[in-house]
Amino acid sequence: MTILKNGTLVTPNGLFRGDLAMEDGKIARIAAHIPAGSGDTAVDVGGCIVFPGFIDGHTHLDLNNGVTNTADNFETGTRAAVCGGTTTIIDFATQDKGGTLMHALDVWKGMAEGVSSCNYAFHMAITDWNDRTKAELPLMREAGVTSFKAYFAYDNLRVSDAELLDILKSLKPIGGIIGVHCENGPVVNALQKLELAKGNTGPAAHPVSRPAEVEAEAIDRLCWLGRLADAPVHVVHLSSELGLEEVRRARQRGQTVYAETCPQYLLLEDSVYGLPDFEGAKYVMSPPLRKASDVQALREAVVNGEINTIATDHCSFNFHGQKTLGRDDFTRIPNGGPGVEHRPTLMLTSFRDTLSYVELSRLMSENVAKLFHLYPRKGALLPGSDADVTVWNPNQTWTISAGNQHQNVDYTPYEGFRAAGQVKYVYVNGVLAAENGEPTGAIAGQFVKTKT
């Protein structure tokens, strides 16, 4: 048995000063004092904050965008995740056109099995909606997948409004939920062509071709389809104040709308697209970074409890050799940015004066687990829960840099960010997976089924 002693534990009921014991991959006991017996390992975590392991509900590892593969696969991405305090990721298995959901799940599980340092679950991205796909939904639940993804953008992924309405209705019998990439794809295509026709080929044309209006319109459309289906909807990577206003309107109508945002939309601004030497390509992601006013609006929404979860949308491509593929055409810059390692540090530092440890734990762990049917197995420090535990030292200061990260990518969008606090210990299923921000080498991750 491993006993973490003298820590400040972040529990569902608030902070608790005491000890936590782990045995056989589970939290065995929480008490003010747990004596260590012979054979037990006692770890003094005095002065530290003990969180339930953080859960990143939105990652893209080992992804092929049709031209190139992401820099991070499941081996490197999950190793980076545990170094930053994340003990479970939820990635996206993506159906091929003409393919089945079960085949997609088997492919993604095969990429993750035996190499993952942290736990992994899957959303299923539906790209080819038909009677065969619909018939597979109960099979997905049996296989441990109850959350799904659809796209309003990208020609090779996009579903129609009518198809999404049918998907929403079809998920109700299995208790499933769908997250949607909310951008108006045909409008984006038209705006991209317009920018290229003007001779605007650099990264600065990216946010112009994907303005906040195309996000807000798609969120509005999603919410009305959810109302028609009498089903909850999930807005992923919310990036703009206009989009936030559409979420608010739907909630005021009485709808259940879950909203996820990401550190990049809470910390970074679109001025970076004008950086010299093509450096702006590092920040090409969709939705793009927004104005300072959008950042402020989203930060206020986080503090006010209007945002349900904070994920990363980690989708890493190297600047050299990958992002530079679009040097003469911004539409060819691989979309995405790295972040799976740094989310806890960024949020715990950035919101340290406005959110409590309990509130931050909900945003990065508990709420994620509840939304995706992992709670209380994950997302809570409770007896019987999985022994996924992150110990945070609030007194350690350091600077984020590409040179000290474990993400397998040649840059970080947060270069030079001064962090107030650092991960001290990370346990995955009771196994020490990282210490002082460095991996132990343990491959402790397991496939986690979501259950309704």
Side-chain angles (χ1 to χ4, degrees), residues 56-61 63-66 70 90-97 101 104 122-129 147-165 167-168 171 176-192 206-207 209-226 231-240 242-244 246-247 250 257-262 264-265 284-290 294 298 307-315 317 331 333-337 339 371-372:
D56 192 338
H58 191 149
T59 66
H60 297 280
L61 302 179
L63 177 144
N64 184 291
N65 68 356
T70 51
I90 311 181
D91 209 85
F92 292 86
T94 302
Q95 176 194 27
D96 291 326
K97 293 287 188 181
L101 304 183
F122 294 105
H123 311 290
M124 177 57 64
I126 298 172
T127 66
D128 194 357
W129 183 247
S147 54
F148 298 80
K149 175 81 174 284
Y151 292 83
F152 277 155
Y154 306 119
D155 292 345
N156 60 326
L157 299 172
R158 190 170 70 241
V159 298
S160 70
D161 293 353
E163 288 171 332
L164 185 58
L165 178 62
I167 293 170
L168 285 164
L171 287 176
I177 190 166
I178 191 159
V180 179
H181 178 115
C182 290
E183 290 183 297
N184 187 314
V187 172
V188 169
N189 292 345
L191 293 175
Q192 288 178 331
H206 176 68
S209 70
R210 309 182 95 100
E213 287 83 355
V214 303
E215 178 181 65
E217 184 277 335
I219 291 173
D220 179 51
R221 189 158 26 107
L222 168 64
C223 290
W224 283 114
L225 291 172
V233 294
H234 181 214
V235 177
V236 301
H237 49 49
L238 178 65
S239 69
S240 66
L242 285 179
L244 174 63
E246 297 302 331
V247 171
V257 181
Y258 298 101
E260 165 202 282
T261 194
C262 309
Q264 55 267 35
Y265 305 122
V284 168
M285 57 191 70
S286 295
L289 303 178
R290 304 295 187 188
D294 295 290
L298 288 175
I307 301 298
N308 301 97
T309 61
I310 297 175
T312 61
D313 195 9
H314 177 93
C315 188
F317 294 98
T331 67
I333 300 171
N335 270 228
L371 179 59
F372 299 123

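Under a 3.5 Å cut-off, the side chain of Asp91 and the backbone N or O of Leu61 do form a donor-acceptor pair. Looking only at distances, a side-chain donor or acceptor of Thr70 sits under 3.5 Å from a matching main-chain atom of Leu63. Under the 3.5 Å distance criterion, the side-chain polar atoms of Asp56 are left unmatched by any main-chain donor or acceptor of Ala311. When atom types are taken as modelled, the side chain of His181 and the backbone of Val236 share no donor-acceptor pair closer than 3.5 angstrom. Listed for the Glu217 side chain is no donor-acceptor partner under 3.5 Å among the backbone atoms of Cys182. No side-chain donor-acceptor contact under 3.5 Å links Lys97 to the backbone of Asp128. Put simply, the side chain of Thr94 never gets that close to the backbone of Ala125: no donor and acceptor are under 3.5 Å apart. Not one N or O on the side chain of Glu215 forms a donor-acceptor pair closer than 3.5 Å with the backbone of Glu183. His123 places a side-chain N or O within 3.5 Å of a backbone atom of Gly57 that can act as its donor or acceptor partner.
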Handout entry: Thr127/Asn156 under side-chain contact (heavy atoms from CB on, under 4.5 Å): CA gap, chis, key distance, verdict
Key = CA-CA 8 Å; Thr127 66; Asn156 60 326; over 6 Å; no
Practice task
Please step through side-chain contact (heavy atoms from CB on, under 4.5 Å) for the pair Arg210 and Leu191, ending with a clear verdict.
Solution key: CA-CA 8 Å; Arg210 309 182 95 100; Leu191 293 175; over 6 Å; no
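Side-chain polar atoms of Ser240 and Arg290 form no donor-acceptor pair below 3.5 angstrom. Side-chain contact, Gln192 with Thr331: no donor N or O sits under 3.5 Å from an acceptor N or O.
Closest heavy-atom contact between Gln95 and Met124: N-SD, 4.4 Å. Of all heavy-atom pairs between Glu163 and Ser160, the closest is OE1-N, 2.8 Å. In plain terms, the two heavy atoms of Ala218 and Asn184 that are nearest each other are CB-N, 4.0 Å. Residues Thr312 and Gly339 share a closest heavy-atom pair of CG2-O, 3.5 Å. In plain terms, the two heavy atoms of Ile219 and Leu238 that are nearest each other are CD1-CD1, 3.6 Å. The heavy-atom pair separating Cys262 from Asp313 by the smallest distance is SG-CB, 4.2 Å.
Using a 4.5 Å heavy-atom cutoff, the side chains of Gln264 and Ser239 are not in contact. Counting only heavy atoms from C-beta outward, the side chains of Glu260 and His237 approach each other to under 4.5 Å. Phe317 has its side chain out of reach of Ile333: every pair of non-hydrogen atoms, C-beta onward, lies at least 4.5 Å apart.
A side-chain contact (heavy atoms from CB on, under 4.5 Å) with Leu222 is found for one member of Val247, Val180, Asp161 and no other, namely Val180. Checking each of Phe122, Phe372, Phe92 against Ser147 for a side-chain contact (heavy atoms from CB on, under 4.5 Å) leaves exactly one that passes, namely Phe372. Considering Val188, Asn65, Asn335, Asn189 in turn, Asn335 is the only one that fulfils the side-chain contact (heavy atoms from CB on, under 4.5 Å) rule with Tyr154.
Rounding to the nearest 0.5 Å places CG of Leu171 at 5.5 Å from CZ of Phe148. To the nearest 0.5 Å, the span separating CG on Leu164 from CG on Leu225 amounts to 5.5 Å. Considering CG of Leu289 and CG of Asp294, their distance stands at 10.5 Å, rounded to 0.5 Å.
Ring geometry for Tyr258 against His234 counts as perpendicular: the plane angle is over 60°, on a 0 to 90° scale with 30° as the lower cut.
Judged as a side-chain contact (heavy atoms from CB on, under 4.5 Å), and not counting sequence neighbours, the contacts of Ala250 are Cys223, Arg253, Gln255, Val257.
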